[in-house]
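No hydrogens, no waters, no symmetry mates; every other heavy atom, side chains included, goes into these values.
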Amino acid sequence: MRKPEWLKVRILSEDLNRMEAFLKNMALNTVCQSANCPNMGECFARRTATFMIMGNICTRNCRFCAVEKGHPQPLDEEEPRRVAEAARRLGLRHVVVTSVTRDDLPDGGASHFAKTIYELKKLPGVTVEVLVPDFMGNEEAIRTVVEAKPDVINHNVETVPRLYSRVRPKADYIRSLNLLKKVKELDPLILTKSGIMVGLGETEEEVIEVMKDLRDIDCDMMTIGQYLRPFHKHIEVAEYVTPEQFKRYEEIGYKLGFKHVASGPLVRSSYHADVGLSLARG
């Protein structure tokens with residue numbers, strides 16, 4: 001299928017080159033680059049990025065994701081400090097940190113997340129949002145991240161339950177919901193967030209059921225965006241969802257009680273995350 005006009009974006013090579021050089025000099029990865037995010041040009045032009053810690057090789061085999069799969073390298077103990085230094089140099093007020101999934105580590109990398117949060121919290125006036133993997137449901141790992149007190153903990157359910165075996169075969173829908181539920185049990189003041197991709201063959205009814213499931217565990221914020229196929233080896237796009245349908249999902253989300261809903265063709269988990277946090281806090 002040809003991409004509709006609303007999915008076409010303009011990328012300025014100067015902005016890309018400048019930010020890529022900065023990140024290379026800092027020896028840091030971003031999910032913007034690794035996942036081929038369509039908003040990379042816009043965000044890099046604004047001198048913002050979503051840092052991806054613990055390397056750029058993932059231990060999962062999700063069929064939607066462009067991040068490289070395989071055997072990761074050992075953790076870089078200096079990485080948390082470099083993330084904070086990069087945030088300082090870029091003048092970021094809201095910092096978003098994600099990671100590859102590290103099922104090879106006993107705690108799934110939770111302690112590395114916590115170290116990164118602690119380093120970022122040293123910066124005056126900075127808020128921190130983390131987009132975490134499921135840690136295989138390890139409650140101690142979840143506790144480790146919660147106790148570092150980020151402002152937002154995000155974990156994406158990614159798609160509707162029926163499509164899990166095709167889209168993210170090593171993940172579990174209930175395990176993902178339980179992670180978000182556990183965060184609220186441990187610290188109700190931390191905002192929780194989740195997101196899904198549409199255009200994979202789901203129905204509107206299934207999307208609404210996911211939204212209800214998230215509200216049942218008091219999830220505060222939600223993102224909904226169009227799935228875009230990174231390469232031919234990845235799962236195909238079943239549908240390009242219209243902007244009107246995305247608007248409908250947004251309206252339904254607010255009616256269900258989410259504090260903030262970002263729903264649109266180019267929306268991604270951390271797209272304008274600072275705005276989302278501000279609106280969620282009222």
Inset, instruction - Please name the pair of heavy atoms, one in Glu140 and one in Asn138, separated by the smallest distance, quoted to 0.1 Å. - result: N-OD1, 2.9 Å
Legend entry - Nearest atoms (heavy-atom pairs only) where Ser176 meets Arg168: OG-NH1, 3.7 Å
Legend entry - Summary of ring pair (Phe, Tyr, Trp, His ring centres under 6.0 Å) pairs that have at least one residue in residues 130-173, sequence neighbours excluded: Tyr164-Tyr173
Legend entry - ring pair (Phe, Tyr, Trp, His ring centres under 6.0 Å) contacts in which one or both residues fall within residues 262-282, not counting sequence neighbours: none
Judged by atom type as modelled, is there a donor-acceptor pair below 3.5 Å linking the side chain of [X] to the main-chain atoms of [Y]?
X	Y	value
Gln226	Gly264	no
Glu147	Thr144	no
Ser194	Met222	no

Legend entry - Remaining members of hydrophobic cluster (4.5 Å side-chain criterion), Leu279: Val275
Legend entry - Chi angles and distances behind the side-chain hydrogen bond (donor to acceptor under 3.5 Å, both in side chains) call for Asn156, Ser269: CA-CA 8 Å; Asn156 289 332; Ser269 299; 2.6 Å; yes
Taking only residues at least two apart or on different chains, which pairs with a member in [range] satisfy salt bridge (Lys or Arg N to Asp or Glu O under 4.0 Å)?
range	result
residues 151-161	Lys121-Asp151, Asp151-Arg281
residues 186-202	Glu129-Lys193, Lys149-Asp187
residues 251-270	Asp220-Lys259

Inset, instruction - State whether Phe22 and Arg89 meet the cation-pi test: NZ (Lys) or CZ (Arg) under 6.0 Å from the six-membered ring centroid, and within 45° of the perpendicular axis. - result: no
Legend entry - Check: Thr50 and Thr30 side chains under 4.5 Å, non-hydrogen atoms: no
Legend entry - More than 12 heavy atoms of other groups within 6.0 Å of Lys170 NZ: yes
Legend entry - Among Val152, Asn154, Leu191, Ile153, the one residue meeting side-chain contact (heavy atoms from CB on, under 4.5 Å) with Val183: Ile153
